[in-house]
Participant: 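What follows is a single structure, and I will ask about it in a moment.
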Amino acid sequence: MTAAPSRSPYVHRPSLSPQDAAEWPARRVLVTNLRTIWGRAYPRVIGMMREPSWLFFEILLPFLTTSAFVFVYRALAAPPEYVGFVVLGGAMTAFWLNVMWLMAAQLYWEKDEGNLELYFAAPISMMSVLLGMAIGGLLMSCFRAAVVLLVGAVLYGVVFAVDQWFLLLAVFFLTLTALYGLGMVLATLFLLWGREAWHMTQLLQEPVYFVSGLNFPVARLGVLGAAAISVIPLAVGLDAMRQLAFVGSPETEGALPPEVEALILIAMAVFFIALARFLLGVIERMARQEGKLTMRGS
Amino acid sequence: MSLSTSPLAIDARDVRRVYKAKPAPIVALETIDLEVAPGEFFGLLGPNGAGKTTLIKILTTLLLPTSGSAHVFGFDVSRQHAQIRRIMNIVSGGEQSGYGLLQVREQLWMFSQFYGIGAREGWRRVDELIDLVGLQEQRVQKVSSLSTGQRQKLNFARGLLNDPWIFFLDEPTLGLDVSAARAVRELVVEWKAAVPGRTILLTSHYMAEVEELCERLAIVDRGRILAIGTPAELKRRVQRESIFELELDRLDGGTGALEALPGVVSASVPSRPDAAEGQPHRTVIVNLALADDAALGGVVSALGGLDAHIVALKKSEPSLEDVFIELVGRGFEAPGEAQGAPR
């Protein structure tokens, strides 16, 4: 019995045996994973266009927080750079919230919906799925960050002074890479520990906000700021970006030179992505050994 | 390699699966041995908790066996999961996968990307499958607004995106109403028939569904396979005699003359309620148990001699439930049996 290719709409099979069909060249594996990244990013991108309510929740409401800090600094007669710090921090908050609330909980949610099992059953790497989630979220957050930055700068008269555009952009993208790497790690931890991880995130949210220096230079926190810079990508990224975006002001003195902070961000990005990859491997092994992680309700 | 020389579609040897649990581990599968040939439509029939889904999870590489080995088209489920995932797909009953905000078309396209199908080819295939499963009207409808039956058709289309060599269907009609269940069954049969060599493993606790669809089946209970065979073979296990129901215009002198015939094991006239109030029936029903079908000729001749004419003749066959009861000593309650079960 030979399965010959046919013109039936049911048949899309180029190979003549399951053994042929199961052996994929490396290029096909790579292409499939690249397509998976785009495929998984797609619902996020579509969702952004289809449900415009996020414009209100994701842009207008957080912008009010940023504005509140601007008014507080003005009331305290703080140096004008502080308004710029707040606007920059407000823009970067978009990414932090996206990582903490969407990225981290995503795999846990996917498991509840029954999608995780289908991801595991597909011939793809879970890293591609996570990358797809990250890129989808990133696009949405970039839009929000750009709006906050633009509107904040125009509305509150922020004047940026940039000498090293390339380094500033590099630090920005390195911050995002490290941040979303952390998001991927958190996503796996959420899946492993479920609700406990969720509660832990809620517990840590405000302290992390504080030590990240979203609304003030983290260097003012001394040792605590230095510690934050060593573990939180947002803290080190923002410290470097402030130094690079407001050159020449004594208020922008950072905890470390921006070049050094860029190196820290590279190390963080590599570390978090490698850790996420390792944890995903652990999760898949656990899922197959214990049968708990992928099945709904377990 | 042609299918005639290819390894078994499913080859499971001494597969055992134990789940860690408190206070004691749960044995979901005792030693399971199973062979399914390429191109076969094979069913696993058993009550809830029998171990059917655990076996499917092992064969679809989502779960490792605690001991024993299982191969799908020659690929080891423990070590060669990448190969198996490229040639199989799975659809489960009550599946709510995907994203509600996506349209039907978009959701299928997203899943097509997970099998490396090119973007344009993906859209083309998605449209074909939408037509095939009859979701044309829902093509641009949000997934969240689909009915349960439409949702399962969508799941079925998802399962066909990569044109799997082996298709695992885990209770695919669970929770569907009669017409939706029938539509899904028809799709399965149509897809299977389109290309020789397609293999399906179906689990169900709907006996009639398994009997209707499967060429061979295994009856599973408490993690063990109790019997394997075609539905007819399995029924023969409990059918030691041929049972006929005869409807005659008259039978004077009772069943004694019939019981005396060679090959007749028993003959009886069952009691039945009156046809109308106070009115006797115009016909007589006789239940006959024969040693084999050949004895029926003698019965027909004898009835002619008794001046009795046959109005109707019906052969009674045991059901798979009878087989299950014979094997296990109890029936199995299948919640929702009346819903999606074939009629």
Side-chain angles (χ1 to χ4, degrees), chain A residues 1-6 8-13 15-24 28-40 42-44 46-47 50-51 110 112-124 128-129 132 284-285 287-292 294-296, chain B residues 1-4 6 9 17 19-20 38-39 54 57 60-64 73-75 80-90 92 95-99 101-102 106 109-119 125 128-129 131-132 158 160 162-163 165-166 190-191 194-198:
Chain A
M1 183 167 39
T2 302
S6 128
S8 160
Y10 275 118
V11 186
H12 304 281
R13 186 177 297 163
S15 49
L16 291 177
S17 77
Q19 283 69 31
D20 293 341
E23 296 302 340
W24 286 10
R28 188 169 175 194
V29 173
L30 177 69
V31 167
T32 300
N33 280 291
L34 290 175
R35 287 192 171 126
T36 299
I37 293 172
W38 172 230
R40 184 57 195 84
Y42 186 75
R44 284 269 172 93
I46 286 290
R50 194 155 289 161
E51 291 180 353
E110 301 277 16
D112 261 12
E113 295 295 306
N115 291 331
L116 195 59
E117 198 169 277
L118 294 178
Y119 292 151
F120 275 119
I124 49 174
S128 308
V129 174
E284 178 154 12
R285 269 198 304 281
R288 298 184 72 209
Q289 278 166 1
E290 295 176 20
K292 283 184 178 174
T294 54
M295 293 181 193
R296 271 187 291 169
Chain B
M1 187 190 292
S2 75
L3 282 169
S4 55
S6 78
R17 175 69 216 191
Y19 290 108
K20 285 180 195 165
T54 297
K57 300 266 182 224
T60 52
T61 75
L62 293 172
L63 198 61
L64 287 169
F73 281 111
F75 297 111
Q80 294 172 294
H81 52 86
Q83 281 89 340
I84 294 172
R85 289 172 188 182
R86 291 168 190 158
I87 56 170
M88 66 95 183
N89 217 318
I90 178 169
S92 307
E95 190 182 306
Q96 294 289 318
S97 59
Y99 304 94
L101 60 85
L102 291 182
E106 292 168 342
W109 181 82
M110 181 194 77
F111 278 109
S112 78
Q113 298 308 288
F114 302 161
Y115 291 90
I117 300 165
R125 197 178 298 186
E128 272 180 7
L129 287 170
D131 291 343
L132 210 70
R158 178 198 54 70
L160 295 182
N162 65 326
D163 193 18
W165 283 88
I166 182 161
E190 220 175 300
W191 176 80
V195 175
R198 281 176 168 159

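Numbered from 1 within each chain, the chains take letters A, B, ... in sequence-line order. As the structure is a computational prediction, the values presented were derived from the model and not from experiment.
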Participant: What are the two closest non-hydrogen atoms of B/Arg85 and A/Ala122, and how far apart are they?
Facilitator: CD-O, 3.7 Å
Participant: How far apart are the closest heavy atoms of B/Trp165 and A/Ala21, and which atoms are they?
Facilitator: NE1-CB, 3.4 Å
Participant: Most heavy-atom pairs under 4.5 angstrom with chain A, which of B/Thr60, B/Thr61, B/Thr54?
Facilitator: B/Thr61
Participant: Could you tell me the separation between the CD1 atom of B/Ile87 and the CH2 atom of A/Trp24, rounded to the nearest 0.5 Å?
Facilitator: 11.0 Å
Participant: Taking all atoms of both residues into account, what is the closest heavy-atom pair of B/Ser97 and A/Gly114, and its distance?
Facilitator: CB-O, 4.4 Å
Participant: Would you say the side-chain atoms of A/Glu113 pair up with the backbone N or O of B/Tyr99, donor to acceptor, closer than 3.5 Å?
Facilitator: no
Participant: Would you call the rings of A/Tyr119 and B/Phe111 parallel, tilted or perpendicular, where under 30° means parallel and over 60° means perpendicular?
Facilitator: tilted
Participant: Tell me which of these, A/Glu23, A/Arg40, A/Arg50, has more heavy-atom pairs under 4.5 Å with chain B than the rest.
Facilitator: A/Arg50
Participant: Distance from A/Leu118 atom CG to B/Asn89 atom CG, nearest 0.5 Å?
Facilitator: 7.5 Å
Participant: Check whether A/Val29 gets within reach of chain B through its side chain, its backbone, both or neither, counting any heavy atom under 4.5 Å.
Facilitator: side chain
Participant: Rounded to the nearest 0.5 Å, what separates atom CG in B/Leu63 from atom CD in A/Glu117?
Facilitator: 9.5 Å
Participant: Nearest 0.5 angstrom please: A/Ile46 CD1 to B/Leu101 CG, how far?
Facilitator: 8.5 Å
Participant: Let me confirm one number: the OH-CD distance from A/Tyr42 to B/Glu106, rounded to the nearest 0.5 Å.
Facilitator: 3.5 Å
Participant: What are the two closest non-hydrogen atoms of A/Pro123 and B/Phe114, and how far apart are they?
Facilitator: CD-O, 3.6 Å
Participant: Between CG of B/Leu64 and CD of A/Gln289, what distance do you get to the nearest 0.5 Å?
Facilitator: 6.0 Å
Participant: Would you say A/Arg28 and B/Arg86 make side-chain contact, with heavy atoms under 4.5 Å?
Facilitator: no
Participant: Need one label for B/Ile117: side chain, backbone, both or neither, based on atoms under 4.5 Å from any heavy atom in chain A.
Facilitator: backbone
Participant: For B/Tyr115 versus A/Ala121, what's the shortest heavy-atom pair and its separation?
Facilitator: OH-O, 4.3 Å
